Amino acid sequence: GSNSDYLPTRAEAEDLGEESQQVAEELAAELGIPDVSGESDDLYVFLPKSLDNPYWDDARAGMEDAAERLGVRAEFVGPQTTDVGQQVQMFEAALARQPKGIAISPNDPASVLGTIATARDMGIEVIAWDSPVPDSEARGYIGTDNTNAGRTFGEQLLEQIGGEGEIAVIVGSLGAVNSQQRLTGLREVVEADPDVEIVAIEESGDAIAEATSKTEAILAAHPDVAAIVGVNGGDAPGAATALQQTGRCGDVLVAGFDAIPQARDLMRNDCIQLLVSQRPYGMTAAALQLLVAMAQDADVDETELDTGVVAITKETLPDFERTIS
Amino acid sequence: MSTTTTPTADPDRTGSSGASTRRTDSPWLRPFRGRESGLLLVVLGILAFLAIRTDTFVTVDNLLVVARQAALVAIIAVGMTFVIATGGIDLSVGSVVALTSVATGFWVISADLPYIVAIPLSLATGLACGLLNGALIVLTKVPPFIITLGMLGIARGVALGLTSGSTQTGFAPPFLGIGQGSWLGLPVPVWVALVVAVVAHLVLTRTTIGRHVYFTGSNEPAAVLSGIRVQRVKMFVYVVAGSLAALSSLLETARLSVAQPSTGVGYELTAIGAVVIGGASLFGGRGTVLGAVLGAVLLSLITNGLIALQVSAYWQQAIQGAVIILAVALNEWRGRRAVAAGRAGDT
Amino acid sequence: MSTTTTPTADPDRTGSSGASTRRTDSPWLRPFRGRESGLLLVVLGILAFLAIRTDTFVTVDNLLVVARQAALVAIIAVGMTFVIATGGIDLSVGSVVALTSVATGFWVISADLPYIVAIPLSLATGLACGLLNGALIVLTKVPPFIITLGMLGIARGVALGLTSGSTQTGFAPPFLGIGQGSWLGLPVPVWVALVVAVVAHLVLTRTTIGRHVYFTGSNEPAAVLSGIRVQRVKMFVYVVAGSLAALSSLLETARLSVAQPSTGVGYELTAIGAVVIGGASLFGGRGTVLGAVLGAVLLSLITNGLIALQVSAYWQQAIQGAVIILAVALNEWRGRRAVAAGRAGDT
Amino acid sequence: MSAAPEAEPPTDDPPAPGVEPLVRMTGIVKTYPGVRALDSVDLEVRPGEVMGLVGENGAGKSTLLKVLAGVVSPDEGEVLVEGRPVRMSGPRDAQRLGLAVIHQELTLAPHLSVAENILVAAEPTRFGMLDRREMERRTEAALSELGIQLDPWVEVERLSLARRQLVEVARALAAKARLIVMDEPTSALTEDEVDRLLAVVRRLRDSGVSIVYVSHRMREIFEVCDRITVLRDGRHTGLSRADDTDPDALVARMVGREITQLYGERSDQARDEVVLEVRNLSSGDRVRDVSLAVRAGEIVGLAGLVGSGRTETARAVFGADPHQGEILLRGRPVRFGHPKEALAEGVCYLSEDRKATGLFLEMSVRRNIAVTVPRTIAPKGWFRPRAERDVADRFRTSLRIACPSVDSLVGGLSGGNQQKVALAKWLATEPSVLLLDEPTRGVDVGAKAEIYRIIRELAAAGVAVLMISSELPEVIGMSDRIVVLSAGRTAGELTADEATEEAIVALATGIGTPATG
Ligand SMILES: Nc1ncnc2c1ncn2[C@@H]1O[C@H](COP(=O)(O)OP(=O)(O)OP(=O)(O)O)[C@@H](O)[C@H]1O
Ligand SMILES: Nc1ncnc2c1ncn2[C@@H]1O[C@H](COP(=O)(O)OP(=O)(O)OP(=O)(O)O)[C@@H](O)[C@H]1O
Ligand SMILES: [Mg+2]
Ligand SMILES: [Mg+2]
């Protein structure tokens, strides 16, 4: 028999491009980004941290839909893995294309300062998107501060586990700045609470397989761990899978950043209890709109925009999915 | 026998004279002698240590967990053994795993073909990559390192390109069973790995093509002049490596319940590491399946062991590296002592 | 099977009969013949193509950007050339880059030592790693692949452990100048790479130790019988590789204005790739500095070119892989035609 | 191991009073797994003498010399240089004592140039940089002593085996040593090259250099040696002045039996059925329309100078190299694209360089012999170790291969025994056409006799044999007909009765009567 024969017939998630763009527009509006439309041959470049993380898949979707709506060309260029040097290379290479505007989510803020300056000298609009570049020449920032996201996440988590127990953490890359920031935020909250402690931090190298293996090892080493936290894209799903295999979904709470599709599936199957999304779709759509606005010299009064985070539980999942943002 | 007393073209000789002097007894016993037995001791040693230091590690459940992880690596490593035995190398296995994972997602979920069709199709993906590797190496005469380095990019790129980075979920229980299920108390992947290992061992030691693999690696010009169709042998080994990478990918996809283009990064290094730890020489002509499997087990054991010992993740890599060197050095040293002893005994 | 047409044991011969059979001139001129010139043509060809297809790529500014990127790779590749020429391999360079970056952050920022002291100190980090590699290889007789694989883990782990993953910023302009500044219109890293290349080339072709490097890689037992201190030669090459990795790390840290423990992942593959593309044989005895540099340039050229050609980021890797194979195959084919032509002229 | 015969009293003249031997080795013992390579052997070399060292394959000659060269550390015994005991931890120590060695197995770096190989570890430098002029000077000096010119900067891998061996010799000459050890320096050389080498040896001796000379060619031994030491099964079985003994006696002492009629009886009942015919064969840039024919039961010698393209001719026929021209088997045109196809037709080729293109050194004797007969040892592709062992054991006895067991590594065998293994692997295929390239290179007299016997037997059984050899007496002694190549062309053909060394050399060097057809 084939795969579907064994599946509860679930309605294929129909393309929500239209509807979600409305939501994106609303977001942009409430952020006070002027409503504009650009020329068709204007090029805008987005430089994500990497391509190997489904989180960026949602972001790209947001960019493409928005590009269509705003009538501009937009490209998504990034290193395969979160590699500082490669990203800078690609940033530099992108300048040769003389785009109208560039949005970058730096793997390391300091590493792009020089290139941002160069770009601005060339008259290219540059904004930081998804994670900030402090004291740079970037014209603005749109996204969430990862440290804040970490805090919000921590609070939600403590609520869920009832304020006590052991927590194990899986992080994509111990060296990656965004992971570090999220971890910092999380730590702050947890360390403030004497009844909760982080018993293990393991690295997954942004690989789901590794996240699963590490979780399996953690479950063996810390039999009475209360919650497992996935800091980057594939970590929570990886952890959940480990539980699923031993049919222990629910025994141990799984929470994670980034509501990537697989994570949502697992939440539906009660293997993930908490997800915190930075709304990559809407954020990226808004980012493009902001860039276009700047390129059009529309007067943009506010350029430091926090798109905030949403906490998702099984209950709130449906209406979150309604608008992928 | 030391390198200087028998000048041979293989600089790696000293590295495993132990193994090489032993490699000449009957195919049955061979894998259980020399380096392999030494490696087995090392593995057991580590297990013993972990049993003493932790009460959580050496439990049936946990060992099964480790076994499942090791199985996936071992399957790839077995394929790599074929390639390395010919003096070649295959850097593309990691990317083949990714491409196959994507293909599996397509055939099983999107195309929704019956499993009997879908699964062979995704295995065929890996086989095709291997075929391409082999063909290019044989035809262009470009070193395998370059060809498979290129294939590393191609396979990964195609996987990313086709999916534009997105993962695919929605596998049904029977499929997931391949990766997550158990049979007679052993995880399915472990069964698969066992079968693969036994078959591969028999092929390498008991069949003509298998022996030709070693001849080719040992002295290619001589192999040609002995009437061995070296080019076919090469095609063969890369096909094997590709297919086994695909098989491992299939199991992994089922285990993780997700088809993803970004998996498999760096698997080539792990696999080659396992094979070389198992006693193979990158210069060809040497390497056994059992060695590769033990190498894979050793590696997974270390990773998991360090977590069980609650070593800080920040330091784990460092210690892992040290342990690898230590383990192999120990085995090397043991090997050479064994030979020395053997000499004395023989006369 | 053209391997067998001339009496030699090197299974890799076909890999570069072009380079080897043609040259009957002194080591001096050598790098400018055979494979290298072919590679140069390939590079120029790609440049020409990009110049026609895009008006943005072949501009002074952009070429300088590419040059700066290539320089960092080239420096590591030059070090790798030494190792590979002895038939060894160094997988640890990427991690050495990371560790050195961290060390640089410490000495320059935290310890705030004068540059005169701080910079040599961080270079010493790489030198130490190389020394350790060499010592372990010579003493334990464990294959270089394993030792440096271990060192890959150790160096990276120590870097992570010491910093617990955090990056460090706050370098002052004079330091940043090393990576970002220019002199006489050329980026500083390019100058450094040029000096390194010239010196390395002279050492390999015109000094005793340099020739012994090739002798060791070409036939190690013979090297021993000929009274070459093979062990010293090995120590030497790993120290060179480590030190140059450190140098490259220094430049990169200055270029990115950040000291980070997570940099350098996969650099070993790029470096080895560059060296092999440049005509080196992983079996030792063959490989030139110019080849390695051209290999590095080729790789950076491809990466940047694809972006200039507006290839989707998701497909770039695939095309990159294909281009690498194509480039080398082309060169191979050219090489062999050259030989055929030359042959007739012989006798 | 067979027991040694009573070692007769050394017929040696007492050392001239006051002449301290340059080197004295006493009671040297060396054992390898399953082999007692040396059993308390003595060796004495006086200043300015040529000491011959002879013995069967596996007698221990190379091992003894490796001990002397500091390559192998003996289990027992001591080495004295000018009366002072020395402890050598490596080749460098030997070099420092003024010892140069020409090893039996070539020790050159194929990727490096002739000059770099000759001057390795003794490179002249100026300001830390290699002094190229000086390197060329010394290289050419050393080479011209041997009467050959080679581009000092040509890679060694481009040279023929013969040339490589000469380079190896040149290295020893360039070392300006006071004791030069030559372990079968002529095994790959042709007559005139040998003569030049012997001249050099004499010149060196007259200039006070001592030499230890190992060879299986009695002619050479008796031409240059002052005294001769005989080894047998790792034991010292006699020392005598060259003038006091003669080849037959020496051989008898080496082999333990008289060898009469080295080349055996020529069986002139060669059938007239032409088995192998080659017409206008061209291959690479070294073979230009060579034509020759071999009848069933006939032994045809293929002679020529080094580089004349004999090897390439054979390789082309065997399908190892691309080639043009016609090849007919029993009148039927064939075209071999791969040696396997030649094998299938019963055509075999014993390559000239056993180490590079003949043997799998890190594999067992068993493996090496059975590699050519997968069908036999693995019927239906399923390998039967027993079968392999049987095949191997059969030839181990019939060729008297000296090895502890068929499981021992070929790399550990003595040169001559390695050659026997290389031959065995082809005999195992029961060929109908045998292309032999230097079949007795490095093989001792006894073994040579056996190999000749075997070749004759095969011929008698109707096998067509084409034998390439640089040893003219061998070609002349064995061949029913001799085809001479010169610069890749058939220079002429000689019947057994016409064949003299002069005639062959004349044709080979092109001053002979031009070939017809
Ligand atoms: N490295 C080794 N390992 C094992 N056995 C060895 C080794 N080297 C030599 N032998 C054994 O020692 C014996 C003497 O070998 P050796 O090479 O000295 O003989 P030889 O006199 O040089 O013969 P040939 O004339 O063929 O060169 C042989 O039986 C050989 O098998
Ligand atoms: N003068 C030369 N210069 C460079 N290479 C040579 C020269 N002569 C021979 N060679 C190399 O040696 C290889 C074998 O040639 P070789 O001298 O063996 O021919 P041959 O007639 O078989 O002589 P022999 O049988 O004595 O070796 C050739 O393929 C060629 O590459
Ligand atoms: Mg010998
Ligand atoms: Mg020849």
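A, B, ... follow the sequence lines: proteins, then strands. Residue 1 opens every chain. Just so it is clear, the model here is predicted, and its values are computed rather than measured.
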>> Give me the atom names and distance for the closest heavy-atom approach of D:Thr107 to C:Leu225.
In response: CG2-CD1, 3.3 Å
> What's the shortest heavy-atom distance between D:Leu112 and C:Ser218, and which atoms?
Replying inline: CD1-CB, 4.5 Å
> Are D:Glu123 and C:Thr207 side-chain neighbours, meaning at least one heavy-atom pair lies under 4.5 Å?
Replying inline: no
> Between CG of C:Asn219 and NE2 of D:His111, what distance do you get to the nearest 0.5 Å?
Replying inline: 10.0 Å
> Does the side chain to side chain contact (heavy atoms under 4.5 Å, CB included) test come out yes or no for C:Ile228 and D:Arg92, once each step is laid out?
Replying inline: CA-CA 8 Å; C:Ile228 292 177; D:Arg92 299 186 63 86; 5.9 Å; no
> Taking all atoms of both residues into account, what is the closest heavy-atom pair of C:Ser226 and D:Ala121, and its distance?
Replying inline: O-CB, 3.3 Å
> Would the number of heavy atoms belonging to other residues, nucleotides or ligands and lying under 6.0 Å from CZ of C:Arg232 be above 12?
Replying inline: no
> To the nearest 0.5 Å, how far apart are CZ in C:Arg206 and CZ in D:Arg126?
Replying inline: 9.0 Å
> What is the distance from atom CZ of C:Phe215 to atom CD of D:Glu116, rounded to the nearest 0.5 Å?
Replying inline: 9.5 Å
> Is it the backbone or the side chain of D:Leu119 that comes under 4.5 Å from a heavy atom of chain C, or both, or neither?
Replying inline: neither
> Between D:Glu155 and C:Arg286, is there a salt bridge with N-O shorter than 4.0 Å?
Replying inline: no
> Of the non-hydrogen atoms in D:Leu130 and C:Thr205, which two are nearest, and what is the gap between them?
Replying inline: CD1-O, 3.9 Å
